[in-house]
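Here is the naming used below: chain letters follow the sequence lines, and residue numbers restart at 1 for every chain.
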There are 2 protein chains.
Amino acid sequence: MPPRPHANPLFLRDEELRQGIEMLFYAYRDFTSEPDTILAKYKFGRAHHRVIYFVGRYPGMAVSDLLNILKITKQSLSRVLGQLVREEFISQRQGTRDRRQRLLELTEKGRELERQLTQNQRERIARAYREAGADAVEGFRKVMLGVMSSDGDRDRFERSGPPRR
Amino acid sequence: MPPRPHANPLFLRDEELRQGIEMLFYAYRDFTSEPDTILAKYKFGRAHHRVIYFVGRYPGMAVSDLLNILKITKQSLSRVLGQLVREEFISQRQGTRDRRQRLLELTEKGRELERQLTQNQRERIARAYREAGADAVEGFRKVMLGVMSSDGDRDRFERSGPPRR
DNA sequence: CATATATGTCAACATGACTGACATAACTTC
DNA sequence: GAAGTTATGTCAGTCATGTTGACATATATG
């Protein structure tokens, strides 16, 4: 069912932008689908995945760091994080610099689940990168950075990486 | 809070793939945030947006077409679609080829809301495309197509577009 | 005629967001 | 050292959006 033709001279631009919108939808839908299935076996949802992922990514991060990344309320986070701590996927220790902080880490059990969930998404990205090629990956990165709202998030992706020729 | 260093020789590849995962998360989070705020004024959610968007994109589509795109159950769709029809954002008419079908279209009210919601996302994409440049956009498209699971979805994005030089 | 398809409906449930209010401990500032 | 701010947690209620399962109707197709 292709989109209907259109006489408007702005059509090409509008069509291109709509395709961008839709690509984000389809890609994200498929990107989350298989991890969701794995999570269901543990009676967890996508929110648990995000917490596990970022705690694995930044071991020793504080609760407030996680809130800044996820941009949800602490009450929302509290439910999933509480479950993950009680079921021993995540451990907490008091901060030394600031003893109010609870620093988060994956337990061995948590690392195991993280690997299982993330492997799936890593493979999907790896396949897409491989098929698209290195230049395409660079373009993908540029566009994705542009879609984000904040410089703070963009800064997470600074390229220390290969020198540009 | 940069990721901790790592001695594993696969680090660069793993780091690159993880950045891909995270870019999808941050971009999607920000991509949906402003439309969500607009929708809240109508007491609608993201699911309503998706329905309005795709009905606007493919006027006269059947319910089953929408289910194939959204990949949710008909019961889930029924709730939001029912609201949108009752509140006259979407109209239904019987199919002629197959009279069991209910063909969906936006009403004027629906088109108005669709414009409001989509304009926001179009502008975000337009800005990202403009800043990244044409080659980057082509790379972005390639990678996004690769992330999708099905050829059926990839086919929605066939380039009839500008002849390659 | 028999079967499959397109659609809808009712009910129950889980997840993950939200707001608002309140509490405690620890850090920072005057 | 008192006052204010920050980091975190908790209780309670609400809403949106997904799920499964069962059943119903009209229409199309073999």
Query raised in the report: Is the shortest heavy-atom distance from the side chain of A/Tyr53 to the side chain of B/Ile21 under 4.5 Å?
Result: yes

Requested in this report: Only counting residues at least two apart or in another chain, list the ones meeting side-chain hydrogen bond (donor to acceptor under 3.5 Å, both in side chains) with A/Arg99.
Outcome: none

Report task. Output all residues satisfying side-chain hydrogen bond (donor to acceptor under 3.5 Å, both in side chains) with A/Glu131, sequence neighbours left out; order by chain, then residue number. Result -> none

Query raised in the report: Within the pair B/Ser76 and D/dT17, is there a side-chain N or O less than 4.0 Å away from OP1 or OP2?
Result: no

Query raised in the report: Can you check the A/Leu103 CG to D/dT8 C1' distance for me, whole Å?
Result: 12 Å

**Report entry** Which residues share a side-chain hydrogen bond (donor to acceptor under 3.5 Å, both in side chains) with A/Arg18, sequence neighbours left out
**Finding:** A/Asp14, B/Glu114

Requested in this report: Look at A/Gln92 and D/dA7 and indicate whether a side-chain polar atom (N or O) is within less than 4.0 Å of OP1 or OP2.
Outcome: no

Query - First encountered from the 5' end of DNA chain C, between B/Gln75 and B/Arg79 - result: B/Gln75

Query raised in the report: Hey, what bend do you get for the helix from C/dC1-D/dG30 to C/dC30-D/dG1 if you fit axes on five pairs at each end, rounded to 10°?
Result: 40°

Report summary line: Between CG of A/Leu66 and C1' of C/dG16 the distance, given in whole Å, is 15 Å

Query raised in the report: Taking CG from B/Asn68 and C1' from C/dA6, how many angstroms apart are they, rounded to a whole number?
Result: 12 Å

Query - Touch class at under 4.0 angstrom, heavy-atom based, for B/Thr73 against every strand present - result: base

Requested in this report: Using the salt bridge (charged side-chain N to carboxylate O under 4.0 Å, His left out) rule, collect all pairs that involve residues 73-95 of chain A, keeping only residues at least two apart or in two chains.
Outcome: A/Arg93-A/Glu105

**Report entry** Nucleic acid contacts - residues 36-51 of chain A versus DNA chain D, non-hydrogen atoms under 4.0 Å
**Finding:** none

Report task. Would you please name every residue forming a side-chain contact (heavy atoms from CB on, under 4.5 Å) with A/Thr73, sequence neighbours left out? Result -> A/Gln75, A/Ser76

Query raised in the report: For the pair made of CG in A/Leu67 and C1' in C/dA17, what is the distance, rounded to whole Å?
Result: 13 Å

Query raised in the report: How would you list all residue pairs meeting salt bridge (charged side-chain N to carboxylate O under 4.0 Å, His left out) that involve residues 43-53 of chain A, not counting sequence neighbours?
Result: A/Asp36-A/Arg46

Report task. Assign a letter to each nucleotide of nucleotides 24-30 of chain D from its 5' end: B, base within under 4.0 Å of a protein heavy atom; S, sugar-phosphate only; -, no contact. Result -> --BBS--

Query raised in the report: Taking the side chain as C-beta and beyond, is there a heavy-atom pair between B/Gln116 and B/Tyr42 under 4.5 Å?
Result: yes

Requested in this report: For this output row, return yes or no: ring centroids of A/Phe25 and B/Tyr28 closer than 6.0 angstrom.
Outcome: no

Report task. Nearest whole angstrom, please: distance from the P of C/dG16 to the CD1 of A/Ile52. Result -> 11 Å

Requested in this report: Report which part of the nucleic acid A/Gln83 touches: base, sugar-phosphate, or nothing (heavy-atom distance under 4.0 Å, all strands).
Outcome: nothing

Requested in this report: Would you kindly compare B/Leu81 and A/Leu77 by the position of their nearest DNA chain C nucleotide and give the one closer to the 5′ end?
Outcome: B/Leu81

Report task. Could you list the residues that satisfy side-chain hydrogen bond (donor to acceptor under 3.5 Å, both in side chains) with B/Tyr129, not counting sequence neighbours? Result -> none

**Report entry** salt bridge (Lys or Arg N to Asp or Glu O under 4.0 Å) partners of B/Arg115, counting only residues at least two apart
**Finding:** B/Glu108, B/Glu112

Query raised in the report: At under 4.0 Å, does any side-chain N or O of A/Ser64 touch on OP1 or OP2 of D/dT8?
Result: yes

Just distance, no hydrogens or angles: give the donor-acceptor pairs under 3.5 Å from side chains in residues 146-153 of chain A, sequence neighbours left out.
{"unit_1": "A/Ser149", "atom_1": "OG", "unit_2": "B/Arg124", "atom_2": "NH1", "d": "3.0"}
{"unit_1": "A/Ser149", "atom_1": "OG", "unit_2": "B/Arg124", "atom_2": "NH2", "d": "3.2"}
{"unit_1": "A/Ser150", "atom_1": "OG", "unit_2": "A/Gly152", "atom_2": "N", "d": "3.3"}
{"unit_1": "A/Ser150", "atom_1": "OG", "unit_2": "A/Asp153", "atom_2": "N", "d": "3.0"}
{"unit_1": "A/Ser150", "atom_1": "OG", "unit_2": "A/Asp153", "atom_2": "OD2", "d": "3.4"}
{"unit_1": "A/Asp151", "atom_1": "OD1", "unit_2": "A/Arg154", "atom_2": "NE", "d": "3.1"}
{"unit_1": "A/Asp151", "atom_1": "OD1", "unit_2": "A/Arg154", "atom_2": "NH2", "d": "3.1"}
{"unit_1": "A/Asp153", "atom_1": "OD1", "unit_2": "A/Arg156", "atom_2": "NE", "d": "3.1"}
{"unit_1": "A/Asp153", "atom_1": "OD1", "unit_2": "A/Arg156", "atom_2": "NH2", "d": "3.3"}
{"unit_1": "A/Asp153", "atom_1": "OD2", "unit_2": "B/Arg29", "atom_2": "NH2", "d": "2.4"}

